[in-house]
Structure formats: structure tokens, C-alpha cells
Student: 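Handing you this structure, nothing more for now.
Please read all numbers here as calculations on a predicted model, not as lab measurements.
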Amino acid sequence: MGLNLKDLVVREKTTLEAFSTKVIAIDAYNAIYQFLASIRGPDGLQLTDSEGRITSHLSGLLYRNVNFLSLGIKPVYVFDGKPPSLKTAEIERRKQTKKDATVKYEKAIAEGNMEDARKFAQQTTSMKDGMVKESKKFLTYFGIPYIDAPSEGEATAAHLTNTGQAYASASQDYDSILCGAKRLVRNFTSSGRRKIPNRNTYIDVLPEIIETQKTLDAIGLTREKLIDVGILIGTDFNPNGFERIGPKTAMKMIKQYSRLEDIPQIQEQLQEIDFQQIRQIFLNPDVADVDEIVFNEVDYDGITSYLVNERNFSEDRIQSTLNRLKKALEKKSQNLDQWF
DNA sequence: CTAGTATA
DNA sequence: TATACTAGG
């Protein structure tokens with residue numbers, strides 16, 4: 001869920017092409033979860049192989065990574081480790097949402113309301129351990145590196161932007177900014193087609209880049225203060241935020257009083273959360289230090305045999321998709337050869 | 001979500 | 001050529 005900083009950040013529209021040659025640290029859980037939620041049939045059910053195992057995440061990773069590599073973008077996927085213990089309440093809340101959605105899904109199916117069925121099915125999305133393993137194996141066929149974060153993936157992704165090992169962190173969640181990422185890219189896709197909720201229309205959402213320093217300068221806060229703003233609005237570690245405080249009020253309060261401890265009207269509620277520890281999760285997160293991020297050659301045969309033989313993807317589709325990638329990469333190496 | 005195809 | 005729609009597994 002993350003936190004709602006959308007009204008506060010300074011965002012600039014951009015394109016995927018702008019990230020050519022750049023290493024981008026991708027919040028793996030965030031990306032795969034979206035594939036699992038949205039790559040579904042009209043009934044809301046995910047795509048599966050002949051054994052009934054879900055393949056939506058593989059389909060999403062295939063097309064998206066082919067696009068990345070074709071454009072010369074160097075993705076490195078960062079997987080979540082163990083969540084901070086303060087996240088337990090939020091994790092429970094999400095579980096309950098899924099349970100409720102399952103009931104609503106079954107009701108919609110019984111009533112033959114396919115649109116609702118699809119909507120609620122999406123809300124039941126959960127990621128299984130097997131899917132994480134499969135995704136890692138699949139990335140390896142592409143020669144794409146991945147990193148196992150000790151805790152939140154976003155924190156390690158943010159860290160990589162500061163060591164200079166990645167240009168930006170890619171995620172839909174704004175947490176990366178509180179984690180100190182230099183840059184966050186949202187909508188890091190080529191098509192960006194999104195369905196408008198409850199309407200049968202789609203809009204094109206372009207990639208957007210948020211430079212953390214620009215945002216801090218524009219709103220006139222330090223990262224430490226922005227973290228306190230985040231805590232007032234509500235984070236994964238205090239999901240409810242504070243009563244009757246949204247982004248606007250939160251900003252006003254921190255500008256006036258500088259920090260949570262000094263805002264008189266919230267002191268009672270402040271006792272109920274471990275705000276010191278929440279600050280530390282953002283300010284000093286547990287991250288992976290990475291020696292070197294290595295990109296390997298694409299194993300075309302590996303991809304084909306895995307998807308076609310083991311997971312029942314159409315051979316024609318895979319062939320033409322991989323040919324597109326091959327051609328793009330050949331063109332790239334030709335362009336490079338011209339320099340020598 | 002994305003590619004490919006149908007439609008205007 | 002641009003946009004709408006749908007199959008994919």
C-alpha cells in the first residue's frame with residue numbers, strides 16, 4: 001500500500017527510452033504483484049499451465065524485460081527479505097482484505113457479474129514462495145541479476161541509488177523516497193495502459209521520475225522531516241496514520257513544529273506507536289551491500305524451453321518475442337562497433 | 001500487463 | 001494512422 005505522498009512530490013513525465021544504458025533497481029515484489037493482479041482472463045482467473053500452476057508473473061516478466069533489454073535498460077530486481085516486525089499489523093490487514101475480496105468474488109461469480117468478479121479477484125492476489133523462486137530462475141535465463149534484500153526490497157533498491165550502482169529505483173510505492181532513494185521511477189513500463197476503476201475506459205500512464213532532492217527543495221523539508229510527515233499520514237508501520245490528518249495538515253504541522261514530539265495536539269496518539277523505530281526503518285534501513293552487479297548474455301534456448309516445454313506458452317509467440325529482442329540487441333552491438 | 005488484431 | 005478490444009496460459 002505504501003504511503004500517500006502523491007500530492008507532495010515533484011514528478012516529471014519521462015519515457016522508457018530515457019533510461020537506456022542505465023541500471024534500474026526494480027522493486028521485484030511490487031512488479032510481480034502487479035502482474036499477478038492484472039494478467040488475468042475476463043473471469044478474473046490468472047493464466048495457468050497444463051498443471052494448473054499460475055503463469056501470469058512469467059508472462060509479465062517476459063514482455064517487460066524484453067522491452068527493457070531491447071532499449072538497453074539494465075534492470076536489477078530486488079526481492080524482499082523478512083519484513084520489519086512493525087509491519088505485522090499491515091500484513092494482517094492485507095490478509096483480511098484478501099479474505100473479504102474472496103467472499104465478494106464468489107458472490108459476484110454466483111450473480112454472473114463478471115466485471116465485479118474480475119475486480120475482486122484482483123484484490124485476492126497473493127504471491128507464493130514458488131512464484132518468487134520461478135521468477136528468479138526466469139530472470140537468470142535473461143542474464144538479469146537479482147538481489148535478495150535482508151528486509152524491505154525498497155530500502156536496498158534505494159541504497160543502490162546512493163552507492164551509484166543504480167540510477168534510480170523503480171516502484172509504484174513512494175516509500176523509496178523516505179528510504180532515501182536519489183530517484184524514484186513510477187510507471188516504469190512501455191505501455192502504461194491502466195483501466196479506470198468502475199469505468200470501461202483506459203488511459204495511458206507515462207513513466208514519471210521523482211528526484212528526491214527536488215521534492216525536498218520544493219516543499220522545504222529535510223528527509224528527516226518528510227519521514228515525520230509520512231508517519232503522520234500513515235505508513236506500512238502505522239497504517240492508520242493519525243486521525244483527521246492528511247498530507248496537507250501533516251505538512252503544516254511539521255513545518256510549524258519540526259518534529260512529531262513537538263506537535264502538541266498529537267501527543268496522546270503518538271504514545272500509541274513506536275515512532276522512533278518507524279523513523280529508523282526509513283532512515284537506517286537494513287540493506288544488502290552488493291559487490292558488483294553482473295549482467296549476463298540472454299539464454300534464448302533456456303527461455304524457450306522453460307516457457308514452451310514446461311509452462312505451455314505458445315512457441316510461436318515466444319519465438320517472435322525473442323526474435324524482436326535478438327534484433328534489438330544486434331542493432332545495439334552494431335551501433336557500439338561503430339565506435340571502434 | 002502487453003502484443004497483436006480488428007475497427008473507424 | 002489512431003484507437004479499441006481481446007487473447008494470452
Student: Take atom CZ of A:Phe35 and atom P of B:dA3, then tell me their distance rounded to the nearest Å.
Tutor: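 Distance, rounded to whole Å: 11 Å.
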Student: Ring-plane angle category for A:Tyr146 and A:Phe79, please: parallel below 30°, perpendicular beyond 60°, tilted otherwise.
Tutor: perpendicular
Student: To the nearest angstrom, how far is A:Ile318 atom CD1 from C:dG9 atom C1'?
Tutor: 10 Å
Student: In whole angstrom, what separates A:Tyr33's OH from B:dC1's P?
Tutor: 14 Å
Student: Whole-Å distance between C:dT6 P and A:Glu115 CD?
Tutor: 12 Å
Student: Would you indicate what A:Ser50 reaches in the nucleic acid, counting non-hydrogen atoms under 4.0 angstrom: base, sugar-phosphate, or nothing?
Tutor: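 No contact at all - A:Ser50 keeps every heavy atom at 4.0 Å or more from the nucleic acid.
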Student: Respond yes when some side-chain nitrogen or oxygen of A:Arg64 is under 4.0 Å from OP1 or OP2 of B:dT2, and no when none is.
Tutor: yes
Student: OP1 or OP2 of B:dT2 less than 4.0 angstrom from a side-chain nitrogen or oxygen of A:Ser38, does that happen here?
Tutor: no
Student: Taking any heavy-atom pair under 4.0 Å as a contact, classify A:Arg40: base, sugar-phosphate, or nothing.
Tutor: base
Student: For the pair made of CZ in A:Phe313 and P in B:dC1, what is the distance, rounded to whole Å?
Tutor: 17 Å
Student: Have a look at A:Ser320 and say if it touches a base, only the backbone sugar-phosphate, or nothing, with a 4.0 Å heavy-atom cut-off.
Tutor: sugar-phosphate
Student: Could you walk me through whether A:Asn312 and A:Arg53 satisfy the side-chain hydrogen bond (donor to acceptor under 3.5 Å, both in side chains) test, starting with their C-alpha distance in whole Å, then the side-chain angles of each, then the deciding distance to 0.1 Å, before giving a yes or no?
Tutor: CA-CA 10 Å; A:Asn312 308 107; A:Arg53 297 173 300 180; 6.0 Å; no
Student: Output the single nucleotide from B:dT2, C:dG9, B:dG4 whose closest atom is nearest the side chain of A:Tyr63.
Tutor: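 Output: B:dT2.
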Student: Does some side-chain heavy atom of A:Val294 sit less than 4.5 Å from a side-chain heavy atom of A:Pro145?
Tutor: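 Sidechains of A:Val294 and A:Pro145: no contact.
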Student: Find the distance A:Asn67:CG to B:dT2:P and express it as a whole number of Å.
Tutor: 7 Å
Student: A:Leu61 CG to C:dG9 P: how many Å, rounded?
Tutor: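 In whole Å, C:dG9 P and A:Leu61 CG are 15 Å from each other.
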Student: If you check the A:Ser59 side chain, which of B:dG4, B:dA3, C:dG8 turns out closest?
Tutor: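 When the side chain of A:Ser59 is considered, C:dG8 is the closest of B:dG4, B:dA3, C:dG8.
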Student: Minimum heavy-atom separation for A:Ala288 and A:Thr156, please, with both atom names.
Tutor: N-OG1, 3.1 Å
Student: Would you call A:Glu152 and A:Lys87 a salt bridge, taking side-chain N to carboxylate O under 4.0 Å as the test?
Tutor: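 A salt bridge links A:Glu152 with A:Lys87.
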Student: I need the CD-C1' distance between A:Gln46 and C:dG9, as an integer number of Å.
Tutor: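 That distance rounds to 11 Å.
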Student: Can a side chain N or O of A:Arg324 be found less than 4.0 Å away from OP1 or OP2 on B:dA3?
Tutor: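 Checking B:dA3 against A:Arg324, a side-chain N or O does come within under 4.0 Å of OP1 or OP2.
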